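Keep in mind that this is a model prediction, so the values were computed, not measured.
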Amino acid sequence: GAGTGAGVRADRHPEPDEAWRATFTGRAGRRMVHRVRVKLFLALAAANVMGVAVVVACITWVLPGPELEDTRRIVAMNAILGGIYLVTVVPAGVLWGEAWLRTGRRWMHEERAPTDREVVAVLRAPGRTFLVHLTVWLLAAGLFGLLNGLLDVTLLARVVLTVALGGLTTSAIAYLLAERLTRPLARAALSVHSVRRPSLPGITTRTLLGWLLGTGVPLLGLVTAAVFALVEDDATTTQLAVTMSGLAGTGLFVGVVVATLGARAVADPITELREGMERITEGDLDAAVGVYDGSVLGLLQSGFNDMAAGLRERERLRDLYGRQVGQEAADHALERGVELGGAVRDVAVVFVDVVGSTELAASRPPEEVVGLLNRFFTVVIDEVDRHGGWVNKFQGDATLAVFGAPASLDDAPGRALGAARGIARRLPREAPELSAGIGVTYGPAVAGNIGDERRFELTVIGDPVNEAARLTEAAKGEQPQVLASADAVEAAGPDERCHWEVDGSAHLRGRARPTRLARPTSLDS
């Protein structure tokens with residue numbers, strides 16, 4: 001049936017990359033073209049040899065007819081004509097059809113991307129192969145019929161119909177072979193083009209055409225044999241038996257070949273799509289399928305690749321967004337969408353601020369300062385993540401981490417206190433050039449999206465945040481430089497509470513009442 005043929009509009013993609021050029025142009029491209037040409041020539045030659053042999057056998061022995069006086073002469077003449085046809089006409093026809101494909105492969109030799117015209121030439125190659133073969137076979141039908149008719153007029157109609165029907169079937173097989181063997185060229189061309197609006201037969205039409213050429217033509221041959229038997233009433237029972245057996249066997253064989261090739265032409269792209277979907281389902285977003293069909297199946301192949309590219313882009317943006325705002329905030333935004341405002345929740349807050357950051361920036365080159373801060377933030381993020389918290393924001397050289405929002409968290413105070421001790425333990429080893437005050441608090445705060453629908457931020461606002469910032473300033477004079485509110489320690493689980501000691505209180509700047517303080521007794525995990 002019809003497949004990658006005329007009427008395809010190819011939309012150009014961006015200029016191909018070096019990997020594409022290395023695969024499809026230069027020496028690799030020439031090798032691929034050579035393989036395709038050799039395989040195509042051998043396959044088409046074999047199809048024509050088989051077609052000629054079947055046609056000669058049908059003319060001579062299968063179709064019923066009167067006993068001819070010069071049977072040996074007729075058999076010899078048809079054998080000679082068949083040999084001449086195979087040696088001269090068939091190769092000429094194959095080369096004629098292959099010449100049309102030359103336009104579709106020129107870009108490989110010139111090591112550049114194909115033009116729209118060259119892409120269409122590749123896609124039309126199987127259809128042109130069909131037309132070339134059909135033309136050659138119809139000319140052969142007229143020639144064979146005329147020469148046989150000169151020997152015996154009763155052979156004229158029989159030979160013309162037999163050669164024409166055999167030519168239709170052989171041309172169909174040639175088309176399906178060409179469609180399959182030129183796939184590498186089509187895949188290369190469509191790697192930088194996409195088929196958007198094919199005006200080609202769909203799957204239903206392809207199936208019907210495959211049945212017509214693979215099964216309908218042999219059945220028509222049976223009908224023709226029956227007509228000859230009725231017209232020429234001297235056909236014997238043996239002749240009819242041989243005719244029916246020969247045509248039925250030929251029809252079964254040809255029908256299987258055409259049906260198999262036609263089914264594979266449809267099934268192969270669908271199988272690749274199914275395998276690609278399985279890879280996507282398993283999380284392999286780099287899955288892609290080759291695009292080599294100019295019909296609706298090509299649209300499916302191209303659409304799958306577009307879908308996979310969209311999923312990769314979506315995952316890349318999600319990963320980038322998660323790195324910008326934190327994975328907790330990203331998941332919260334994806335689940336709930338744009339929803340301004342928030343809810344009051346009990347949260348634990350860890351605030352970490354570098355000591356002497358102004359002097360640091362003034363005494364070191366900017367690149368060195370950035371490197372030091374990145375090492376500092378690495379320690380903070382590692383410990384916050386390890387304890388299940390969320391880094392809400394970076395404020396210059398300070399970090400605000402929240403435990404218990406936006407997602408609920410078991411023992412949020414204990415986790416926050418454990419993260420604070422871990423940061424204090426690791427900073428002297430991993431960023432000895434820096435020191436930082438660490439404050440930990442616990443209490444009710446509003447967690448939600450703050451801003452406008454055009455630009456908003458998921459954050460936490462409330463007294464624990466302010467208190468943690470003030471504790472951080474006080475902690476810079478401690479050793480180790482960690483302070484927590486007694487409320488946070490008392491709300492923590494026993495496993496973490498045992499590492500802290502409530503000791504004294506202090507009036508923190510901007511707060512009306514004193515804050516009871518707690519200090520770590522051990523930084524060990």
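Residues P464 and P444 approach most closely at CD-O, 3.3 Å, considering heavy atoms. When every heavy atom of A174 is checked against every heavy atom of T129, the shortest pair comes out as O-CG2, 4.1 Å. Shortest non-hydrogen contact noted between V347 and V402 is CB-CG1, 4.1 Å. Residues G437 and V355 approach most closely at N-CG2, 4.0 Å, considering heavy atoms.
Shown are V380, L523, D382; of these, the side-chain contact (heavy atoms from CB on, under 4.5 Å) with I423 is made only by V380.
In this structure, the side chain of R364 does not engage the main chain of V369 through any donor-acceptor pair within 3.5 Å. Although no hydrogens or angles enter the test, the distance criterion places a donor-acceptor pair under 3.5 Å between the side chain of Q481 and the main chain of K476. In this structure a side-chain-to-backbone donor-acceptor pair under 3.5 Å is present from S171 to L134. In terms of modelled atom types and a separation under 3.5 Å, the side chain of R312 and the main chain of L285 share a donor-acceptor contact. Side-chain atoms of R516 never come within 3.5 Å of backbone atoms of S485 as a donor-acceptor pair (strictly under, hydrogens ignored).
For F304, the ring-ring contact (aromatic ring centres under 6.0 Å, His included) criterion is met by no residue, not counting sequence neighbours.
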>> One pair to check against side-chain contact (heavy atoms from CB on, under 4.5 Å): L373 and V354. What are the steps and the verdict?
In response: CA-CA 9 Å; L373 290 177; V354 173; 4.3 Å; yes
> Which is it for L417 and V489 under the side-chain contact (heavy atoms from CB on, under 4.5 Å) test, yes or no, and what are the steps along the way?
Replying inline: CA-CA 8 Å; L417 293 166; V489 173; 4.0 Å; yes
>> Test side-chain contact (heavy atoms from CB on, under 4.5 Å) on R128 and Y175; report intermediate values, then the result.
In response: CA-CA 8 Å; R128 285 173 167 172; Y175 169 84; over 6 Å; no
>> I'd like to know whether D397 forms a side-chain contact (heavy atoms from CB on, under 4.5 Å) with D353, so could you lay out the CA-CA distance, the side-chain angles of the two residues, the decisive distance to 0.1 Å, and finally the verdict.
In response: CA-CA 6 Å; D397 54 4; D353 187 28; 3.2 Å; yes
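Two residues are said to be in side-chain contact when any heavy atoms from C-beta on lie closer than 4.5 Å; D284 and I280 fail this criterion. V38 places none of its side-chain heavy atoms less than 4.5 Å from the side chain of L40. Between V482 and W500, the closest side-chain pair of non-hydrogen atoms falls below 4.5 Å. Taking 4.5 Å as the limit, every side-chain heavy atom of H499 sits out of range of all side-chain heavy atoms of P520. The side-chain heavy atoms of H133 and L44, taken from C-beta on, include a pair separated by under 4.5 Å. Annotation: side chain of F394 is in contact with side chain of V391 (closest heavy-atom distance under 4.5 Å). Residues I438 and V350 form a side-chain contact, since some pair of their non-hydrogen atoms from C-beta on lies under 4.5 Å apart. Taking the side chain as every heavy atom from C-beta outward, V502 and L517 never approach each other to under 4.5 Å.
Pairs engaging residues 431-444 under the side chain to side chain donor-acceptor pair (under 3.5 Å) rule: R375-E433 [sequence neighbours left out].
Taking a cutoff of 4.0 Å between a charged side-chain nitrogen and a carboxylate oxygen, E383 and R386 qualify as a salt bridge. Using a 4.0 Å cut-off between charged nitrogen and carboxylate oxygen, R497 and E490 do not count as a salt-bridge pair.
Atoms CG and CG, from L483 and L471 in turn, are 6.0 Å apart once rounded to the nearest 0.5 Å. With rounding to the nearest 0.5 Å, the separation of CG in L434 from CZ in F377 is 9.5 Å. T472 OG1 to L400 CG: the interatomic distance, rounded to the nearest 0.5 Å, is 9.5 Å. Between the OG atom in S522 and the CZ atom in R425 there is a gap of 8.5 Å [rounded to 0.5 Å]. Annotation: the span from H387 atom NE2 to D385 atom CG amounts to 11.0 Å, rounded to 0.5 Å. Rounding to the nearest 0.5 Å places CG of D524 at 7.5 Å from CZ of R421.
Other residues, nucleotides and ligands place no more than 12 heavy atoms under 6.0 Å from the NZ atom of K39. Counted within 6.0 Å of CZ on R429, heavy atoms from surrounding residues, nucleotides or ligands total more than 12; the atom is thus considered enclosed. Around the CZ atom of R274, the shell of radius 6.0 Å holds more than 12 heavy atoms that belong to other residues, nucleotides or ligands.
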Please list, one pair per line, the donor and acceptor atoms closer than 3.5 Å that link side chains of residues 403-413 to other protein atoms, with sequence neighbours excluded.
residue	atom	partner	partner atom	Å
S408	OG	R345	NH2	2.7
D411	OD1	G414	N	3.1
D411	OD1	G493	N	3.1

